[in-house]
Amino acid sequence: MKYSKKVMQNFMNPKNMGEMKNPDGVGKVGNPVCGDVMWVYIKVKDNKIKDIKFKTFGCAAAIATSSMITQLAKGKTLEQAKKIKRDDVAKSLEGLPPLKMHCSNLASNALKKAIEDYKKNKNKK
Ligand code: FES
């Protein structure tokens, strides 16, 4: 399987990887295809994603797509961040092998869940 240079860069040197203390929202999703798991943590200020981190037990493509999605989402409004699709991520990574497209669902779905979690927490306050 051949990965693009961008995928390799994001896999070897992922951005925003790790856990976040006191996040405003957390999204967790499992990949039904391979059983891998992904967490996305966000901090929100003025309706924008101020900080974002991810943690995963996924493959190289899952790590690279998460690294990319956190970079795409940072600084965006919640509405803009929710619209980031796996195809946008794949394009920013200069393509993903078709067999690995399902891995990129993890990051975008976890981000959407983190945003929903943030909204739920906010309504509780
Ligand atoms: Fe599981 Fe890619 S094979 S996330």
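When a ligand or atom number is given, it counts from 1 through the structure's own listing order.
Atom NZ of Lys48 sits in a sparse spot, with 12 or fewer heavy atoms from other residues, nucleotides or ligands closer than 6.0 Å. Environment of NZ in Lys119: crowded, with over 12 heavy atoms of neighbouring residues, nucleotides or ligands closer than 6.0 Å.
At least one donor-acceptor pair closer than 3.5 Å links the side chain of Asn31 to the backbone N or O of Val33.
With a heavy-atom cut-off of 4.0 Å, Leu106 touches ligand 1 through its side chain alone.
In the vicinity of Lys100, heavy-atom distances shorter than 4.0 Å reach the ligand 1 atoms 2 (Fe), 3 (S). Each of the atoms 2 (Fe), 3 (S), 4 (S) of ligand 1 lies under 4.0 Å from some heavy atom of Cys103. Within ligand 1, counting atoms from 1 as listed, the ones closer than 4.0 Å to a heavy atom of Asp36 are 1 (Fe), 3 (S), 4 (S). Interface of Ala62 with ligand 1, defined as ligand atoms under 4.0 Å from a residue heavy atom, comprises 4 (S).
In summary, Cys34 places no N/O/S atom under 2.8 Å from atom 2 (Fe) of ligand 1, failing the contact criterion. Among the atoms of His102, no N, O or S atom falls under 2.8 Å of atom 1 (Fe) of ligand 1.
Rounding to the nearest 0.5 angstrom, the gap separating the NZ atom in Lys113 from the CE atom in Met38 is 12.5 Å. One finds the OG atom of Ser108 at 14.0 Å from the CE atom of Met68 (value rounded to the nearest 0.5 Å).
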Please tabulate, for the side chains in residues 15-26, all donor-acceptor contacts under 3.5 angstrom to protein atoms that are two or more places apart in sequence or on a different chain.
| from | atom 1 | to | atom 2 | distance (Å) |
| --- | --- | --- | --- | --- |
| Asn16 | ND2 | Thr70 | OG1 | 2.9 |
| Glu19 | OE2 | Lys55 | NZ | 2.7 |
| Asp24 | OD2 | Val44 | N | 2.7 |

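Here atom 2 (Fe) of ligand 1 lies nearest to Cys59 when heavy atoms of Pro32, Cys59, Ala60 are compared.
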